[in-house]
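In what follows, a single structure is set out as structure tokens and then discussed.
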Amino acid sequence: MAENTQAAEPASKIDLPASVGGEAGGIPSFQVTAKIARFDPERDSEPHWEEYRVEMHGTDRVLDVLHKIKWEIDGSLSFRRSCAHGVCGSDAMRINGRNRLACKSLLKDFQKNPTDPVEITVEAIKGLPLEKDLIVDMEPFFQSYREIMPFLITSGQEPTKERVQSQADRAIFDDTTKCILCASCTTSCPVFWTDGQYFGPAAIVNAHRFIFDSRDEGGDMRLEVLNDREGVWRCRTTFNCTDACPRGIQVTKAIAEVKQALLTRTLA
Amino acid sequence: MAKASTGTLYRGREGMWSWVAHRVTGVGIFFFLLVHVLDTALVRVSPEAYNAVIDTYKTPFMAFGEVILVAAIAFHAFNGLRVIAVDFFKGGPANQKKLFWGAMVLWLVIMVAFLWRHIPNSLGGAF
Amino acid sequence: MSAPTIPAPRTGYQRSTAKGSNFELAAWLFMRLSGVLLVILIFGHLIVNMWLGDGVHQIDFAFVAGKWASPFWQIWDLLMLWLAMLHGTNGVRTVILDYAERPATRMTLQVVLYIASLVVVVLGTLVIFTFDPCIAGADFQFCPA
Amino acid sequence: MQVHEYDVVIVGAGGAGMRAAIESGQRARTAVLTKIYPTRSHTGAAQGGMCAALANVEEDNWEWHTFDTIKGGDYLVDQDAAEVMAKEAIDAVLDLEKMGLPFNRTPEGRIDQRRFGGHTRDHGKAPVRRACYAADRTGHMILQTLYQNCVKHGVEFFNEFYVLDLVMTEVDGKEQPAGVVAYELATGEIHVFRSKAVVFATGGFGKVFKTTSNAHTLTGDGVAVTYRRGLPLEDMEFFQFHPTGLAGLGILLSEAARGEGGILRNADGERFMERYAPTIKDLAPRDIVARSMANEVREGRGCGPNKDYVLLDLTHLEPAHIDEKLPDITEFARTYLGVEPYTEPVPVFPTAHYGMGGIPTNVDSEVLRNNTDVVPGLYAAGECACVSVHGSNRLGTNSLLDINVFGKRAGIAAAEYAQTAAMPELPENPETFVAGEIERLRTSDGPERIAAIRRDLQETMDANVQVFRTDETMRQALNDIEALRERYKNIGIQDRGKRFNLDLLEAVELGFLLEIAEVVTVAAIHRKESRGGHFREDFPDRDDENFMQHTMTYRDPESETEGIPGMRLEWKPVVITRYQPMERKY
Ligand SMILES: Cc1cc2nc3c(=O)[nH]c(=O)nc-3n(C[C@H](O)[C@H](O)[C@H](O)COP(=O)(O)OP(=O)(O)OC[C@H]3O[C@@H](n4cnc5c(N)ncnc54)[C@H](O)[C@@H]3O)c2cc1C
Ligand code: HEM
Ligand code: SF4
Ligand code: F3S
Ligand code: FES
């Protein structure tokens, strides 16, 4: 039986410090100037910058700015989004020069004092074909993902109950299970920008998730795929992927572990 | 094949810029090496030819070039060792930024020491 | 702010399908192993040539002759030449593969690179092994007059 | 226009849609149409867990689970369906594990389980550990695992295809589906998918409310599409408000936070749930906790400058424990509110979370055209469906279960149906309606803006049809909705393009939202009692005599309900097998 991890019964009543509530209270509004790279495939031959000025509040995020522009100023501004809290991976874009999720980029992080005006530049992620405004074609990205066989491969008879896996074995690949396939990493990678053939960090992260899963038996095949000229060896450890990952995945570390697995497989 | 959306620079951090520098220095050293082997090959032609070329290395202008060269080699070397550490050591990736700044400190120390030796050396020869 | 042209839609992935080759792995490993050795070799070379004695000023024909009189330095320089050239050539190869996208450009640049490297390595090796301190014009005492 | 032909068309690629696709894809030619990339579906936002009486950590069995589900749903649950779900739960979890889902593990390496609201041992004696989980990203892992298996089985996806209509045709005097009409986002092209069977798995409609844990894309498309085709909607008045949304934002902090020991406090620092549910306190079902919280705020014990939220206190838990079990949600608190959960309690308030109602189906996921008859070839599963396993209030972790159990059943049933059925004839010009609507909206240039109408709709729903409801407030909402429908006729959009015209689609979605909001409100006015997620201040008690039945709302131009023309309301009996209704006490 599992150890009881429940804490002791908490107190019925406590004294609350005066400061509770964080920033849920009122926060002054401020001006935001948003410079957005717009591109309409039916009219433009190349993207151009468009500037918008809106008034925003303390807990607002870049996604809120985009929404405000779309909903109140220009309905044709196009971008993907769904969950609005960093779990679906729809809205990776380049904000002030770095890949992030718009829904996870707080305006106040671009600001020194709570009422300072904020300037943001927003453009589509780089390296995938631009479709419209902030929307790119994700197909090549998912193609790389599919190529590394991102599913559990096993042989022999299935057990009647679950496969047993120790907590330690489960922990080895925990980090890489967090991936939401947002493409922030792959499209921040200078090697991916070059010719777009590199599998890219996201595909490797997802391969890692299975290669290091003690239940999986397809690791060798995936390693073979990543031993390719466009595989792990193209990574130049630039760490842009790790810096960009909104899920805090240690992407470069995962890539290093795959490289090492390939080395041991080949040399040992 | 499609690439850039717009032309703005990606604001990478230590990892990206160190790689850019590593690449630039690597290619730079490579081209220097091509030339360097060729000029050294002059020892097979005649001592005069060799000495003539080598003497140009001793001008203040070239002294400056040598500083650049040593700086490039030292950077490439220390950052290369950092890359190797990232690749092979368990804590490498997590500490890459510290390793980078460590490499930079080392680079600075080496450069100061080298300049301390090299400036009087090369200037001394010129005057 | 000028925006560059928007590139044509991609033609899809054309990844190499050659499987089972460990070339990239070997190249990657070689870069690291040679890198470590090169640190020793190059810094040794720089210290001896530019730090000890008179620094750059000591370098002349005689200096080289002095060094290559010893097999130790011959081997040292030979190793350094080979490792640095292989390391550098492979490095430049990756740079070419990164930035030259048209197959024809890629091919041309690579051919030029390999020929240049080969010439330099062969030449350098010959120079080290066939070095003759008493080549015409040299005036060491031990040279036959 | 393009026409495609498949045996089975699945609309939606969330948990339910992909679970169905895995089954159907191996048996019949299947297409999955989804308006967003499969991995963007909101199943991925689910955090806490998926329950099954595996009994891996303590004694448990599926009958207790059935009972908890029925009691949690305030006895409005169809008990045969609940039994099916609780029984098949065990295989549903094991299936996922075998597909590769990385569940957290017990020290013995088995699937770990934790406590969740309303799940008890032996009919309410004490909380039980029944929720299987993967940290606090269980839904994420389910969505990823299902997508991975779709990749494995080569399921055909049509990504960013918005299904806007269901094509019906008459076969032997009965209406049945002949396919669907979809709008391709990338090109603006209209596609008709002709098929023998259609499965709806389009998820929820939380966007009728302002404060919600639901994604922007959860606009109830499938629910509205079938409703517009004359099929009924069941139990639409029951909407769940999750107790712990981040104050002001609605972003969810999973019940797992309380399952792992977190507690709620008011401005006095009091653990107020001790007063409302003395036995299981903070782990009471959601409707009770949400109401208790709203009540604390109403009575002036709320926190903050506006006294409009309460606090979720995790500070007595070990940071290491929090990191291990609740990493994501503590991150939300830090990112979005700037609160450090190790040391400070987190501001929370109820957030619109889950629609218990939806497209009525039987346990084989077949859609019902009335109280008894099914529509051959039409299936629904997931949040858009109402099997009714959740009754008037869903227990936490029962939805991830629902989508897996009934998604699988729908996939199998649809494929098997398609193996014997003939390909129905498409009616002439099946795309006319959609094409007309799209063209009308694309060229619309009225003065009204989509966003303004949507905001007003959400605000009136939040103000009038939320945790506490009265006849008066709901009539107000209804009036507002009517006015908004008028305004909707005069909207204007700005994007006139064909490619990625999301402006246009937001207009379409708003049409769906207005439709659904009206159904929700009318059904709620109709139910003059309080039960589960539906609490009427003017009728605060449960009334089994008159209302122990499901509502079925039909779109019917001839009828009128509660002064609303075009709607017909009927009642459908609840299936009771073993557990007679009792008072619901925790
Ligand atoms: C924040 C949050 C946390 C939750 N936590 C839990 C939990 O811990 N345990 C639990 O059991 N439940 C939980 N739930 C509830 C549960 O996650 C959802 O009810 C369930 O995932 C719904 O799954 P689904 O497959 O029905 O729909 P979704 O996953 O929402 O998928 C809907 C799909 O339909 C598609 N679609 C919609 N409209 C159209 C259209 N017009 N054309 C084409 N495609 C369309 C979408 O593209 C999408 O793929 C949570 C819910 C939320 C919001
Ligand atoms: C002094 C010791 C040296 C060390 C420790 C070293 C280390 C490295 C390492 C580890 C790499 C691989 C980087 C990667 O894969 O991301 C590399 C790349 C490279 N090196 Fe060196 N190197 C050294 C000397 C040299 C010399 C002498 C040359 C020139 C001849 C050279 C040229 C290059 C080039 C061109 C690259 C490729 C850069 C790239 O792909 O971005 N290096 N070096
Ligand atoms: S690894 Fe991180 S950045 Fe890359 S796709 Fe996954 S979540 Fe996004
Ligand atoms: S950004 Fe690219 S180079 Fe490697 S470390 Fe990340 S994949
Ligand atoms: S909208 Fe889902 S990640 Fe940002």
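Since we're looking at a predicted model, the values are computed, not measured. Side-chain atoms are counted along with the backbone in the values below, which use heavy atoms only and exclude waters and symmetry mates.
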Problem - Over 12 foreign heavy atoms within 6.0 Å of NZ, A:Lys178 - result: yes
Problem - B:His22 side chain reached by A:Arg236 side chain, heavy atoms, under 4.5 Å - result: no
Problem - Any donor-acceptor N or O pair under 3.5 Å, side chains B:Gln96, A:Thr237 - result: no
Handout entry: Portion of A:Ser188 that has a non-hydrogen atom of chain B nearer than 4.5 angstrom
Key = both
Fill in the blank from the handout: Looking only at A:Asn96, A:Thr252, A:Thr242, A:Leu263, the option with the highest number of non-hydrogen pairs under 4.5 Å against chain B is A:Asn96
Handout entry: CE on B:Met16 to SG on A:Cys241, rounded to 0.5 Å
Key = 12.5 Å
Handout entry: A:Lys259 versus B:Asp87, closest heavy-atom pair with distance
Key = NZ-OD1, 3.7 Å
Problem - Result of checking A:Lys126, A:Lys35, A:Glu123 against B:Thr8 for side-chain hydrogen bond (donor to acceptor under 3.5 Å, both in side chains) - result: A:Glu123
Completion exercise
In short, A:Asn240 meets B:Gly12 closest at the heavy-atom pair OD1-CA, 3.8 Å
Practice task
Evaluate whether atom CZ of B:Phe64 has more than 12 neighbouring non-hydrogen atoms of other residues, nucleotides or ligands under 6.0 angstrom away.
Solution key: no
Exercise for the section: Inspect the surroundings of CD in A:Glu119 and state if more than 12 heavy atoms from other residues, nucleotides or ligands are less than 6.0 Å away. Expected result: no
Handout entry: Exam field: side chain B:Arg11 to backbone A:Arg98, donor-acceptor pair closer than 3.5 Å
Key = no
Exercise for the section: Examine distances only and state if a side-chain atom of B:Tyr10 and a backbone atom of A:Pro190 form a donor-acceptor pair shorter than 3.5 Å. Expected result: no
Exercise for the section: Indicate, with yes or no, if the rings of B:Trp19 and A:Phe239 have centres closer together than 6.0 Å. Expected result: no
